[in-house]
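Worksheet: the structure to be examined is printed underneath.
In listed order, ligands and their atoms are each counted from 1.
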Amino acid sequence: MTIIKRPRRMRESSFSRALMRENNISVSNLIYPIFVIEGTGVRQDIESMPGIQRLSIDELIKDASECHQLGIPAIVIFPYIEKKLKTKDAREAFNYDGLVQRAIKKLKSDIPELGVISDVALDPYTLNGQDGLVDSNGNILNDETVEVLNKQALSHAKAGADIVAPSDMMDGRVGSIRKILEENKFINTKILAYSAKYASSFYGPFRDAVGSSESLGKATKETYQMDPANSDEAIDEVKLDIQEGADMVMVKPGMPYLDIVFRVKQTFKKPTFVYQVSGEFSMIMAASLKGWLNQDDAILESLISFRRAGADAIISYFALEVARLLKSKT
Ligand code: PBG
């Protein structure tokens with residue numbers, strides 16, 4: 001048989017596969033999320049996220065240093081807030097001496113070159129685990145919430161955050177935070193907007209990690225996070241955030257929303273990040289621990305899929321492990 005075009009010819013050896021590889025995953029594409037908790041010497045397991053722990057600030061510095069040494073450009077921090085500090089008005093969110101603010105200060109003084117991203121949202125601080133303030137009927141109050149988010153973002157910037165990342169999905173918050181930062185001369189503080197954030201069931205383990213599942217109970221976030229059925233709406237959300245002054249936009253979750261990552265990157269050609277969320281992490285871990293998946297292979301394949309879809313950077317709970325893996329291969 002004579003076949004002129006044989007696609008398998010290039011797949012035949014490892015060198016030719018390497019030469020035609022269209023995408024790659026490098027440590028510089030990775031962002032590592034870390035959960036921070038009060039105390040010293042604390043490393044607390046999170047049952048639904050095998051291998052991930054809540055760390056006190058001193059322990060956080062150790063893991064952050066390893067990230068920096070391995071070449072991970074930035075970390076993002078999420079707090080586990082003690083029950084007694086949760087209030088209806090979420091005022092702890094903008095306490096300059098709060099847990100997150102202290103973690104940022106310590107990170108910037110000990111490891112100044114490591115990028116620090118802070119989460120701007122009220123869910124760790126509210127009594128009901130919602131990202132916003134609520135009225136007496138339980139409705140999420142948009143504009144009142146944005147006022148608190150402004151204060152929270154400003155307190156993070158003052159503490160030294162390089163990037164503030166509003167993950168709350170209130171309307172108008174990116175523009176409002178940008179204005180506050182400009183007015184206070186934080187002209188280089190970057191905004192990573194969770195622009196297309198879906199009301200997803202894949203956030204479950206994260207809510208355990210930050211201790212908001214209990215507060216949230218059976219309630220949902222569907223009045224502010226997006227409907228998983230929608231795609232055009234994501235384009236609209238991203239467009240607004242870019243107009244309002246976002247430096248980077250994000251799609252979240254990751255693997256179930258690769259079509260959105262692709263569309264957003266193709267449409268706007270802006271720095272486009274993706275969040276491989278806790279549920280995605282836990283699915284891969286659970287199957288790997290059962291011996292049903294090869295853990296390293298499954299992780300790397302999931303990450304390359306984000307790059308192929310167009311993501312510039314990936315927030316992943318696997319980031320530290322992958323950075324170690326990539327280093328061992330070189
Ligand atoms: C809350 C927030 C969530 C995540 C990041 N910020 C959860 C939520 O919206 O309920 C999820 C991250 C993950 O699942 O890994 N503002």
[X] vs [Y] side-chain heavy atoms within contact, under 4.5 Å:
{"X": "Lys106", "Y": "Ile61", "result": "yes"}
{"X": "Leu154", "Y": "Lys158", "result": "yes"}
{"X": "Pro50", "Y": "Phe281", "result": "yes"}
{"X": "Lys327", "Y": "Arg324", "result": "no"}
{"X": "Lys151", "Y": "Glu147", "result": "no"}
{"X": "Phe306", "Y": "Leu258", "result": "yes"}
{"X": "Leu216", "Y": "Gln130", "result": "yes"}
{"X": "Met10", "Y": "Arg17", "result": "no"}

How close does the nearest protein non-hydrogen atom get to [atom], and which residue and atom is it?
{"atom": "atom 16 (N) of ligand 1", "result": "Ser167 OG, 2.8 Å"}
{"atom": "atom 12 (C) of ligand 1", "result": "Phe206 CD1, 3.3 Å"}
{"atom": "atom 14 (O) of ligand 1", "result": "Ser278 OG, 2.7 Å"}
{"atom": "atom 1 (C) of ligand 1", "result": "Asp123 OD2, 2.9 Å"}

Item to check | Aromatic ring pairing Tyr198/Tyr257, orientation class (parallel under 30°, perpendicular over 60°, tilted between) | outcome: parallel

Checklist entry - Non-hydrogen atoms of Lys197 versus ligand 1: any pair closer than 4.0 Å? => result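 Lys197 counts as a contact of ligand 1 under the 4.0 Å cut-off.
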
By number and element, which atoms of ligand 1 are closer than 4.0 Å to a non-hydrogen atom of [X]?
{"X": "Tyr275", "result": "12 (C), 15 (O)"}
{"X": "Lys221", "result": "8 (C), 9 (O), 10 (O)"}
{"X": "Arg207", "result": "8 (C), 10 (O)"}
{"X": "Ala121", "result": "16 (N)"}
{"X": "Asp131", "result": "1 (C), 16 (N)"}
{"X": "Gln225", "result": "8 (C), 9 (O)"}

Checklist entry - Do any N/O atoms on Asp168 end up under 3.5 angstrom from N/O atoms on ligand 1? => result no

Item to check | The one among Phe281, Tyr203, Tyr317 that brings a heavy atom closest to atom 15 (O) of ligand 1 | outcome: Tyr317

Next on the checklist: Going by the closest heavy atom to atom 6 (N) of ligand 1, which one wins out of Gln130, Glu280, Met49, Lys252?
Outcome noted: Lys252

